[in-house]
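Single-structure report; data block below.
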Amino acid sequence: MRILTLIRQVLDAEETVHIRSGEIDLNGSKLVVDTMDEYGVEQALRIRDSGVDVEVVALAVGPERNQEALRTVLSMGADRAIHVMTELALDPIPLSKVAAQIAQQERIDLIFCGGQQSDWDSHALGAATAERLQLPQVTWVSALEVHGQTLTGRHDVDDGSEMFSVQLPAVITTQQGLGEPRYPTVPNIIRAKKKELRIETLDQFHVDLKLNVLGAAVQAKARLHKILDGKDAPAAAAELVELLRNEARVIP
Amino acid sequence: MILLVVEHARGNVSKSTYEMVTCARQLGREGPVTALVLGSGIMAVVNEVALLADQVLVSDRADLAQYDSELWSAAVAQVASEGDAHTILIGGSRSGREYSPRVAVKLDAPLLEDVISVTAEEGTLSAERYTNLARVTERITARAPVTVITPKQGAFAAAMPGTHAAEQFDVDLDLTARRVQITEKSAEKFSRISLAEAEIVVAGGRGVGSAEGFRNLVDELADRLGAAVGATRAVVDAGWRPYAEQVGQTGKTVQPKVYIAIGISGAVQHLSGMGRSKCIVAVNRDADAPIFKVADYGIVGDVNQIVPAIIAALSR
Ligand SMILES: Cc1cc2nc3c(=O)[nH]c(=O)nc-3n(C[C@H](O)[C@H](O)[C@H](O)COP(=O)(O)OP(=O)(O)OC[C@H]3O[C@@H](n4cnc5c(N)ncnc54)[C@H](O)[C@@H]3O)c2cc1C
Ligand SMILES: Nc1ncnc2c1ncn2[C@@H]1O[C@H](COP(=O)(O)O)[C@@H](O)[C@H]1O
């Protein structure tokens, strides 16, 4: 079986977002593999660890720096990586076109994609890729098992969760509850340096951009910051209740 | 036409549908607002939505009794193509956001996902949406003959129903069998009111110490205020509370009148689910906890002393 894991390199959640001339500027910021994507890599590795004959292929589309993200995933244990190099900012719909063509060329049986991309706050990539390949999808998967050609597990829906069953090939998007992503060990980091990282150009995929980003802004809501010292708990509590009742008027 | 796919649950039209109607009417695009109802045994939904839309298209069939991303996207794309829809509105729910990309690909259309505003100007749609864990507001545009939009839940006001029922038409669909089989469903249960609808949310983090601490502090305070209960992922992972109560990136997004955070540090992933609340209150013993940066009111102190004192003060 061959598994494709889609990888996005994103701003580390601990970092401040910098905007310069209306654009998000990642220069000088710490970038990481999106945690939701790491869940997919971890799940693929667990399937391989369970004794199934699996090759795990990681794919990233973006500028050169994405190769660091792919090296991280190779150090976690992925077998090889593909980098489609471009400076263009592709939204999920054109990006899915690249992912789908790679999946077809590589004869992929199972695709993992993060449940939400933390840079776009988007859920679209997995579903759009599944549609292009005419594959079934299961999103927000929190538990997964493989039995031959059948996948079973649990996933989150509008008002709860469901147990599901689907035949391969299929697209899965991740949710917390899947096993925690492993850290690369030193021997694996060394081994990863020798693994194949193939570089492709974007032009062969014939993507067309339908969305334009006009500008980005950080608009933090102005907050009152009335923070009381709680050394005298009854006095602080009484003052807080008074403020919430009579100043903010938000509680009865 | 503007095609709007009705979200409904247990025989009722969902709030998100009322919000989509407002979005459709504000858009400034020509054509009737056409509601599409998919499901099985959905007459009550059809009658309710007839007071909101200009016309209603209905497909009532047994194989649509349960949502499925492939069936829904095939149905919507067929109706959109046959009806020459230029704009397709799909709910910002989990299911809406999982099948809307399939519709966009089928129609070769751009997807304006989870937007908080959208307007049309001479063939171009301009929208705003949050990105980067809701820290950034981006302005995007799309210029295409057909566009798919998912409005963010809660971002648009609910439309008022009219008194005149719109005309209804049955539509024929060519659908294939579902490929994802659902073997068991578990609906989420809330101890009180549902998180999404509550005006007051009291939420607890690891700082409450234990499942028992959560009950004594968070549940107790929520009871006094008639509030819904929320939790951080740390609390859910520890098994103190069910996942249904989790607020944040991988949980629920809430925007209540007031959000009261008890023993919560204020990690970015948590803030992305509650940072737009109208008023934020925090109790934490660490004066440098990030939650205080977004708080309107707060107390620096031990939750075991402060929260019982708040509960006592509320009774006076
Ligand atoms: C991909 C991903 C998705 C995530 N999604 C979510 C999500 O949806 N929701 C979410 O909440 N998190 C999410 N997280 C986790 C998030 O990063 C934080 O780990 C989590 O929110 C921390 O929860 P907490 O505030 O309860 O715990 P902590 O960060 O441990 O904070 C506990 C706080 O309580 C205070 N405290 C301790 N004892 C006391 C006391 N006696 N009195 C007063 N204060 C006290 C401490 O000062 C501290 O500030 C996600 C993480 C990742 C990587
Ligand atoms: N993402 C999730 N969706 C639904 N339920 C979950 C999720 N994560 C954990 N749970 C529930 O929380 C409990 C503990 O889950 P686990 O961490 O898998 O042991 C289980 O009973 C699950 O039903």
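Convention: sequence-line order gives letters A, B, ...; per-chain numbering from 1.
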Mark yes or no for whether [X], through its side chain, and [Y], through its backbone, hold a donor-acceptor pair below 3.5 Å.
X: B/Asp296; Y: A/Leu224; answer: yes
X: A/Arg223; Y: B/Val294; answer: yes
X: A/Gln175; Y: B/Thr250; answer: yes
X: A/Lys221; Y: B/Lys278; answer: yes
X: A/Ser165; Y: B/Gln181; answer: no

What part of [X] gets closer than 4.5 Å to chain A, counting heavy atoms only: side chain, backbone, both or neither?
X: B/Ala295; result: both
X: B/Val281; result: side chain
X: B/Glu113; result: side chain
X: B/Ala109; result: backbone
X: B/Ser69; result: side chain
X: B/Glu199; result: neither
X: B/Asp302; result: neither
X: B/Ala312; result: neither
X: B/Leu112; result: side chain
X: B/Arg276; result: both
X: B/Glu128; result: neither

When rounded to the nearest 0.5 angstrom, what distance separates [atom1] in [X] from [atom2] in [Y]?
X: B/Arg143; Y: A/Leu211; atom1: CZ; atom2: CG; result: 14.0 Å
X: A/Gln134; Y: B/Thr176; atom1: CD; atom2: OG1; result: 8.5 Å
X: A/Gln137; Y: B/Glu70; atom1: CD; atom2: CD; result: 7.0 Å
X: B/Lys293; Y: A/Ile227; atom1: NZ; atom2: CD1; result: 11.0 Å
X: A/Leu240; Y: B/Ile260; atom1: CG; atom2: CD1; result: 7.5 Å

Pairing donors with acceptors under 3.5 angstrom, does anything connect the side chains of A/Asp156 and B/Tyr243? yes
Closest-packed option against chain A by number of heavy-atom pairs under 4.5 Å, given [options]:
options: B/Val136, B/Ile311, B/Val268; value: B/Val136
options: B/Val283, B/Val105, B/Leu111, B/Val258; value: B/Val105
options: B/Val300, B/Ile306, B/Ile299, B/Leu225; value: B/Ile299
options: B/Ile280, B/Thr141, B/Thr183, B/Thr147; value: B/Thr141
options: B/Lys185, B/Glu138, B/Arg179, B/Lys106; value: B/Arg179
options: B/Ile140, B/Leu125, B/Val103; value: B/Ile140

Compare all side-chain heavy atoms of [X] with those of [Y] and state whether any distance is below 4.5 angstrom.
X: A/Pro252; Y: B/Ile200; value: yes
X: A/Ile251; Y: B/Leu314; value: yes
X: A/Trp120; Y: B/Arg129; value: yes
X: B/Tyr297; Y: A/Leu228; value: no
X: B/Val180; Y: A/Glu162; value: no
X: A/Gln116; Y: B/Leu133; value: yes
X: B/Asp114; Y: A/His123; value: no
X: A/Ile24; Y: B/Asn132; value: yes

Of all heavy-atom pairs between [X] and [Y], which one has the smallest distance, and what is that distance?
X: B/Arg97; Y: A/Asp121; result: NH2-O, 2.9 Å
X: B/Arg316; Y: A/Arg245; result: O-NH1, 3.6 Å
X: B/Gln249; Y: A/Ser118; result: NE2-CB, 4.1 Å
X: A/Ile93; Y: B/Pro101; result: CD1-O, 4.2 Å

Basic-acidic side-chain contact under 4.0 Å: A/Asp159, B/Arg10: yes
Of the listed residues ([options]), which shares the most heavy-atom pairs with chain B below a 4.5 Å separation?
options: A/Thr173, A/Leu151, A/Val250; result: A/Val250
options: A/Ala235, A/Ala170, A/Ser122; result: A/Ser122
options: A/Ala124, A/Gly22, A/Pro94; result: A/Ala124
options: A/Val166, A/Asp208, A/Leu214; result: A/Leu214
options: A/Val138, A/Leu11, A/Thr139; result: A/Thr139
options: A/Ala238, A/Ala222, A/Ala13; result: A/Ala13

Answer yes or no: are there more than 12 heavy-atom neighbours, outside [X] itself, under 6.0 Å from its atom [atom1]?
X: A/Arg249; atom1: CZ; result: no
X: B/Glu121; atom1: CD; result: no
X: A/Lys231; atom1: NZ; result: no
X: A/Arg20; atom1: CZ; result: yes
X: A/Glu23; atom1: CD; result: no

So what's closer than 4.5 Å to chain B heavy atoms on A/Leu244: side chain, backbone, both or neither? side chain
Mind running side-chain contact (heavy atoms from CB on, under 4.5 Å) on B/Asp108 and A/Lys210 for me, showing each step along the way? CA-CA 9 Å; B/Asp108 195 22; A/Lys210 296 185 193 293; 3.3 Å; yes
